[in-house]
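In what follows, a single structure is set out as structure tokens and then discussed.
Since the structure is predicted, the reported quantities are computational estimates derived from the model, not experimental observations. Start at 1 and go down the list; that is how both ligands and their atoms are numbered.
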Amino acid sequence: MSDAKPKVAFYWCSSCGGCEESIVDLAEDILKVVAAVDIVFWPVALDFKKKDVEAMADGSIAVSFINGAIRLSEQEEMVKLLRKKSQLIVAHGSCSHLGGIPGLGNFWNKETIFRRAYLSTPSTENPDQTVPLEKTVLQDGKELTLPTFFDTVYALDQVIDVDYYLPGCAPPRDLILSAVSAILEGKLPPKGSVLAPNKSECDTCDRNKTKPEKLAIKEIKRTWEVVLDPEKCFLAQGVICLGPATRDGCGHRCINGNMPCRGCFGPTDQIYDQGAKFLSALASILDTNDEKEIDKIVGSIVDPAGTFYRFSLPKSILGRRRMEDIK
Ligand code: SF4
Ligand code: SF4
């Protein structure tokens with residue numbers, strides 16, 4: 001290991017592990033990355049401890065890639081520590097960038113989540129009604145502690161200052177490799193940039209040319225309710241595709257697999273709220289002005305909030321649901 005190599009850290013917060021996989025998916029290219037940098041912290045793969053990071057000089061890590069949303073006090077503590085020790089922080093993946101799938105927890109709070117997860121699911125057997133506690137005193141008097149579970153899930157930049165964003169669930173390898181090269185070569189765009197093209201998914205989608213001049217739909221279907229034409233725009237087939245409200249750069253992995261875009265790259269720079277943008281795109285293609293018919297079409301969308309804000313709820317205008325009305 002040479003001291004001249006830039007030091008790099010990887011950390012995961014509230015995540016599924018897919019973003020860690022995206023590093024492993026670099027396959028033999030990971031050897032190029034390892035040759036160019038010193039990995040000084042990567043809990044999922046290497047046995048570094050928090051105290052190793054605490055012992056590092058402030059700003060001594062060139063870049064920390066952090067995936068996952070912030071749901072626990074431990075995650076908040078670790079990302080604040082990494083911020084202090086790092087020159088650059090990259091939010092790696094949708095959860096870190098926008099709150100992602102864990103961010104859908106913002107439709108609930110700690111109490112309702114714990115009640116559902118530990119007490120009320122049909123398969124739960126919990127006669128003592130035990131739920132995780134922050135402090136447990138054992139028979140021998142020893143105390144066990146768990147991190148605080150927040151009511152609200154946060155995107156990374158709602159907790160610390162973030163320099164760059166690598167979008168995607170998970171970010172594709174080409175995007176990761178070009179981000180690493182840009183960092184190593186010092187060819188980074190302005191701070192705050194999302195490291196992916198600032199165009200919409202529709203702009204580069206091959207199916208765009210199959211869209212009729214005026215899209216008009218009378219019915220919304222789920223993917224399993226229709227035999228999907230592999231060439232035709234999903235919206236023209238009455239299937240929700242978040243392409244109009246989503247940033248390009250994923251390589252159309254879902255669309256090439258004949259599945260509509262679910263929005264994991266988040267909005268382009270011109271869009272403030274991805275869900276609201278899609279809602280307005282959808283409203284413009286409904287082929288009716290009759291209020292009852294509109295209600296019926298919109299009412300046929302299963303879980304509209306979860307569909308339009310699947311990856312972006314914590315960073316949306318909504319942010320979270322008001323819990324006052326929930327019993
Ligand atoms: S962005 Fe996707 S792959 Fe990455 S941690 Fe979140 S859910 Fe998993
Ligand atoms: S809506 Fe979806 S399928 Fe249609 S052009 Fe846009 S990205 Fe492609």
Side-chain angles (χ1 to χ4, degrees), residues 10-25 44 65-71 75 90-105 153-156 165-173 175-176 194 196-197 199-213 215-217 220-221 223 226 228-268 271 274 277-278 280-282 284-285 306-308 310-315:
F10 298 99
Y11 191 65
W12 57 351
C13 297
S14 192
S15 76
C16 73
C19 281
E20 301 285 347
E21 279 286 335
S22 71
I23 307 288
V24 179
D25 279 352
V44 77
F65 290 84
I66 300 177
N67 70 77
I70 311 297
R71 155 65 92 191
Q75 294 157 354
V90 176
H92 180 147
S94 313
C95 298
S96 183
H97 175 201
L98 301 163
I101 299 283
L104 290 173
V153 174
Y154 300 99
L156 187 61
Y165 302 85
L166 253 177
C169 178
R173 49 171 279 146
L175 228 53
I176 299 174
V194 177
K199 326 183 234 193
S200 84
E201 191 68 5
C202 292
D203 282 344
T204 59
C205 177
D206 285 345
R207 299 185 189 216
N208 209 346
K209 54 184 177 295
T210 71
K211 263 190 201 164
E213 200 162 312
L215 253 182
I217 55 172
I220 290 172
K221 290 169 254 166
T223 49
V226 56
L228 288 165
D229 183 327
E231 316 263 306
K232 203 168 156 191
C233 170
F234 291 102
L235 285 176
Q237 300 182 65
V239 169
I240 288 180
C241 178
L242 261 76
T246 301
R247 185 182 290 268
D248 190 28
C250 60
H252 303 285
R253 291 176 295 179
C254 299
I255 289 166
N256 292 342
N258 207 18
M259 278 291 127
C261 171
R262 300 184 314 152
C264 74
F265 262 54
T268 60
I271 300 171
Q274 188 182 21
K277 165 72 185 177
F278 185 74
S280 98
L282 186 66
S284 71
I285 61 170
T307 303
F308 305 152
R310 183 177 271 127
F311 295 94
S312 64
L313 180 62
K315 287 284 285 182

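- Taking 4.0 Å as the cut-off, Gly168 counts as a neighbour of ligand 1 on heavy-atom distance.
- Scanning the protein for heavy atoms near atom 5 (S) of ligand 1, the closest one is Ser15 CB, 3.3 Å.
- Shortest contact from atom 2 (Fe) of ligand 1 to any protein heavy atom: Cys169 SG, 2.3 Å.
- The shortest distance between side-chain heavy atoms of Leu98 and Pro267 falls below 4.5 Å.
- Of all protein heavy atoms, the one lying nearest to atom 1 (S) of ligand 1 is Ser94 N, 3.3 Å.
- Near Gly18, meaning under 4.0 Å from any of its heavy atoms, are these atoms of ligand 1: 3 (S), 8 (Fe).
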From CA spacing to verdict: side chain to side chain contact (heavy atoms under 4.5 Å, CB included), His92, Ile176 = CA-CA 9 Å; His92 180 147; Ile176 299 174; 4.1 Å; yes
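- No side-chain N or O of Gln237 forms a donor-acceptor pair with one of Asp229 less than 3.5 Å apart.
- At a heavy-atom cutoff of 4.0 Å, ligand 2 is contacted by the side chain of Cys205 but not by its backbone.
- Residues Ile255 and Glu201 have side chains in contact (heavy-atom distance under 4.5 Å, counting atoms from C-beta outward).
- Within ligand 2, counting atoms from 1 as listed, the ones closer than 4.0 Å to a heavy atom of Ile255 are 7 (S).
- The ligand atoms of ligand 1 that sit less than 4.0 angstrom from a heavy atom of Ala170 are 3 (S).
- Distance from atom 6 (Fe) of ligand 1 to its nearest protein heavy atom, with residue and atom name: Cys95 SG, 2.2 Å.
- Looking from atom 8 (Fe) of ligand 1 to the surrounding protein, the closest heavy atom is Cys16 SG, 2.2 Å.
- Among the atoms of Cys261, none of the N, O or S atoms falls under 2.8 Å from atom 4 (Fe) of ligand 2.
- A cation-pi arrangement is absent between Arg262 and Phe311 under the rule of less than 6.0 angstrom and at most 45 degrees off the ring axis.
- Side-chain contact between Phe265 and Pro172: present, with at least one pair of heavy atoms (C-beta onward) separated by less than 4.5 Å.
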Going through the distances and angles, do Cys13 and Arg71 end up as a side chain to side chain contact (heavy atoms under 4.5 Å, CB included)?
-> CA-CA 8 Å; Cys13 297; Arg71 155 65 92 191; over 6 Å; no
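- For ligand 2, the atoms closer than 4.0 angstrom to any heavy atom of Gly243 are 7 (S).
- Side-chain contact check for Ile23 versus Val44: every heavy-atom pair is 4.5 Å or farther apart.
- For atom 4 (Fe) of ligand 1, the nearest non-hydrogen atom of the protein is Cys19 SG, 2.3 Å.
- Annotation for ligand 2: atoms under 4.0 Å from non-hydrogen atoms of Cys241 are 1 (S), 2 (Fe), 3 (S), 7 (S).
- Glu20 CD to Tyr11 OH: the interatomic distance, rounded to the nearest 0.5 Å, is 10.0 Å.
- Using modelled atom types, one side-chain atom of Arg207 and one backbone atom of Lys232 make a donor-acceptor pair closer than 3.5 Å.
- Of all the atoms in ligand 2, the ones that sit under 4.0 Å from a non-hydrogen atom of Leu235 are 1 (S).
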